[in-house]
Amino acid sequence: MFRNQYDTDVTTWSPAGRLFQVEYAMEAVKQGAAAVGLRSASHVVLATVNKAASDLSSYQKKVFKIDDHIGVAIAGLTADGRVLSRYLRNECINHAFVYESPLPVSRLVVRLADKAQLKRQHISGLTLIILQEQVCTQRSWKRPYGVGLLVAGLDETGAHLYYNCPSGNYFEYQAFAIGSRSQAAKTFLERRFESFNNYSRDELIKDAIFAIKETLQGEKLTSAICTLAVVGKDEAFHLIDQKIIEELIDSMEIKEDAPADQAPVTDEDGSTGAAPMDI
Amino acid sequence: MALRRDWVYENNGGTCVAIAGSDYCVIAADTRLSVGYSIYTREFSKICNLADKCVLATSGFQGDMKALQKNLAARHLIYQHQHNKQMSCPAMAQLLSNTLYYKRFFPYYTFNILGGLDSDGKGCVFTYDAVGSYERVGYSAQGTGAGLIIPVLDNQLKSPSPLLLPAKDAVTPLSEAEAVDLVKDVFASATERDIYTGDKVEIVVINASGIRQELMELRKD
């Protein structure tokens, strides 16, 4: 009712106490192609639907390696996602340079959330440097980021999956789905998430593919339409080869009516030996 | 430098050598870290694997060596994120030169040799001064023992001048095993007369199958 009056810029509150621009940004996430993340005690899996703008074009990249131990899947304005990935990569590299150790996932998501929301303060040595970063929800000439990120990572404290939203909020999840028709995936995950912690790597990957299948709602699930990535205790973050996804989908389709806990069929050697960033 | 109170560098000694072959590259450095007439440690690696086909050997001030290695490794990570592949040796060579010149007025006290395979799979060696002047050569030596080693390599490898036209291949016709033997010989010789060189020599060989490493004992005096 009052929505149109108070939604012109991000610094205007509505009488109901809402910032509509931020909520519209979150809408952008809901319109993007689906992405799901699942976490066990030792691994985290990300899967996305590859949506191409048209039959003539290729699909947009939605999964980014941030560091050996962290990767993200995005939904929404993929351009914003690319920019944020660059920022996250720099943060990881700088932290590793100074501390010779990988940046803990929880620290990274806080920085990302701050960046989405307000300016950040760095304490470097004895000087206080206040960095004006993208002050997205508190400056009228800026707009919020239109992308939601599923951050999957491993650090000393274990495996983590976070969701960062354009509002600057972030939450930790056992499993989550974002993007269009993600509710179907969420329903599927809600039924099974309690056992995820004990899942093996392969079971986790299978369930990720199933979750993506749910979002397709009838469309055929092929390896071309799905991007899969995994990070684990002794496994750097990497995208899984299309051929292996193909094999997994085939092995699942044979037992289509029994999608419950099957023993892992193929042992994936993944692409850990190949060049980094291999898609 | 007895009276200067602002001398921030230290020479930790040591020698590096590299030889380029038709399909391999040998990079070697001793493992002694010294200061003055003392030895800090006998087991210090001066060699850093920057990329799949690219290895850096550095002599000089090891504090700057460490900082330089970290800098290049971080830049390489960024490159991989942006280009989806490893940096080639010539690309890394230019990057190293730029990085060194960036600190033209407060230099890295490092004498570097970069070795690896170029995009054609041929061995390449790049040799640097402290501020980034570099050149692709067939072989090189840097560090405290370089003066003892280069004449021997000149004699054995007869590399043509890079100024010749038409350009003559700088890589040596020696086989990989012969090149490694030559490196062992020159290090043994340099160890005899250079007090800063000795303990062990770390030899790294890059070829099409990857990077392999070996250690050879040297005189400990």
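In what follows, chains carry the letters A, B, and so on, assigned in the order in which the sequence lines appear, proteins first and then strands, with residues in each chain numbered from 1. Note that the coordinates shown come from a computational prediction; the quantities given were computed from them, not determined experimentally.
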Result block: side-chain N/O donor-acceptor pairs under 3.5 angstrom for residues 67-80 of chain A, not counting sequence neighbours:
from     : atom 1 : to        : atom 2 : distance (Å)
Asp68(A) : OD1    : Lys65(A)  : NZ     : 3.0
His69(A) : NE2    : Leu103(A) : O      : 2.7
Thr78(A) : OG1    : Gln60(A)  : OE1    : 2.9
Thr78(A) : OG1    : Gln60(A)  : NE2    : 2.9
Asp80(A) : OD1    : Arg143(A) : NH2    : 3.0
Asp80(A) : OD2    : Arg143(A) : NH1    : 2.8
Asp80(A) : OD2    : Arg143(A) : NH2    : 3.3
Asp80(A) : OD2    : Gly146(A) : N      : 2.8

(request) For residues 55-82 of chain B, pull every pair meeting salt bridge (Lys or Arg N to Asp or Glu O under 4.0 Å), keeping only residues two or more places apart or in separate chains. (result) Glu100(A)-Lys70(B)
(message) Is Asn94(A) in contact with chain B via its backbone, its side chain, both, or neither, using a 4.5 Å heavy-atom distance?
(response) neither
(request) For atom NZ of Lys103(B), decide whether the heavy atoms of other residues, nucleotides or ligands shown that lie under 6.0 angstrom number more than 12. (result) yes
(message) Are there over 12 heavy-atom neighbours, none belonging to Tyr9(B), within less than 6.0 Å of that residue's OH?
(response) yes
(request) Working to the nearest 0.5 Å, report the span between CZ of Arg86(A) and NE2 of His81(B). (result) 12.5 Å
(request) Specify the closest pair of heavy atoms between Phe97(A) and Ala74(B), including all atoms of both residues, with the distance to one decimal. (result) CD1-CB, 4.4 Å
